[in-house]
Amino acid sequence: MLGAAAAAPPPGLYGFDQVFTYQSNLVGPGAPVNPGGASTGVKADVFAQGLLWVPGWNFLGATYDVVGVVPFISASVGPPMDANPSGMHNMFLANELS
């Protein structure tokens, strides 16, 4: 059992993912105005895939690991803007000592 909260797992390659969805309407002062007073819909779907590699190396008593995460995003904003961007967004890569 590991004693520290920030301790790395045993050596190996680990995969993880996270999924997030968000749906809402823009209303109130400053919100886009649609004919008939309908609100503007906003939706976002996010999937992030990550890998953690722990080679088993130590440096000054700390365990070395590398983590990388690539998020994929699909978003949409309804009329009057009608924007629908999607794709990979801002990959994260870090070398860590724990």
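These numbers come from the heavy atoms of this one structure, side chains and all, not from hydrogens, waters or symmetry mates. Note that the structure is predicted; figures quoted are calculated from it, not measured.
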Undergrad: Would you tabulate the side-chain donor-acceptor contacts of residues 56-64 under 3.5 Å, counting partners in other chains and residues two or more places apart, or write 'none'?
TA:
{"from": "Asn58", "atom 1": "OD1", "to": "Thr63", "atom 2": "OG1", "distance (Å)": "3.4"}
{"from": "Tyr64", "atom 1": "OH", "to": "Asn95", "atom 2": "OD1", "distance (Å)": "2.7"}

Undergrad: Would you indicate whether Met91, at its atom CE, is surrounded by more than 12 heavy atoms from other residues, nucleotides or ligands within a distance under 6.0 Å?
TA: yes
Undergrad: Are any non-hydrogen side-chain atoms of Val19 and Thr21 less than 4.5 angstrom apart?
TA: no
Undergrad: Do any side-chain atoms of residues 76-84 form donor-acceptor pairs under 3.5 angstrom with protein atoms, and if so which ones, sequence neighbours left out?
TA:
none

Undergrad: Scan residues 65-89 for pairs that pass ring-ring contact (aromatic ring centres under 6.0 Å, His included), counting only residues two or more places apart or in two chains.
TA: none
Undergrad: Is there a side chain to side chain contact (heavy atoms under 4.5 Å, CB included) between Val67 and Phe92? Walk through the geometry before answering.
TA: CA-CA 8 Å; Val67 63; Phe92 174 79; 4.0 Å; yes
Undergrad: Can you list every pair that meets salt bridge (charged side-chain N to carboxylate O under 4.0 Å, His left out) and has a residue in residues 55-80, with sequence neighbours left out?
TA: none
Undergrad: On a heavy-atom basis, which atom in Ser74 and which in Ser86 lie closest, and how many Å separate them?
TA: CA-CB, 3.8 Å
Undergrad: Going by side-chain heavy atoms closer than 4.5 Å, which hydrophobic residues are tied to Val27, directly or by a chain of links?
TA: none
Undergrad: Quick check: does any side chain N or O of Ser98 sit under 3.5 Å from a backbone N or O of Ala8, one acting as donor and the other as acceptor?
TA: yes
Undergrad: Starting from Trp53, can I reach Leu97 by hopping between I/L/V/M/F/W/Y residues whose side chains sit under 4.5 Å apart?
TA: yes
Undergrad: In chain order, what residues pass the side-chain contact (heavy atoms from CB on, under 4.5 Å) check against Gln49, with sequence neighbours excluded?
TA: Asp17, Phe47
Undergrad: What pairs of residues pass the salt bridge (charged side-chain N to carboxylate O under 4.0 Å, His left out) test when at least one of them lies in residues 38-62, not counting sequence neighbours?
TA: Lys43-Asp45
Undergrad: Restricting to pairs with a member in residues 11-42, which pass ring-ring contact (aromatic ring centres under 6.0 Å, His included), not counting sequence neighbours?
TA: none
Undergrad: Could you note down all residue pairs passing salt bridge (charged side-chain N to carboxylate O under 4.0 Å, His left out) where residues 6-16 supplies at least one of them, sequence neighbours left out?
TA: none
Undergrad: Any pair with a residue in residues 84-98 that passes salt bridge (charged side-chain N to carboxylate O under 4.0 Å, His left out), sequence neighbours left out, goes on the list, sorted by first then second residue, please.
TA: none
Undergrad: So which atom in Pro9 and which in Val54 form the shortest heavy-atom distance, rounded to 0.1 Å?
TA: O-CG1, 3.6 Å
Undergrad: Run the side-chain contact (heavy atoms from CB on, under 4.5 Å) test against Asn90 and tell me which residues pass, sequence neighbours left out.
TA: none
Undergrad: Below 4.5 Å, heavy atoms only, C-beta onward: do Leu52 and Leu13 meet side chain to side chain?
TA: no
Undergrad: Check the hydrophobic clustering (I, L, V, M, F, W, Y; side-chain heavy atoms under 4.5 Å; chains of links allowed) and say if Met88 and Val46 are grouped together.
TA: no
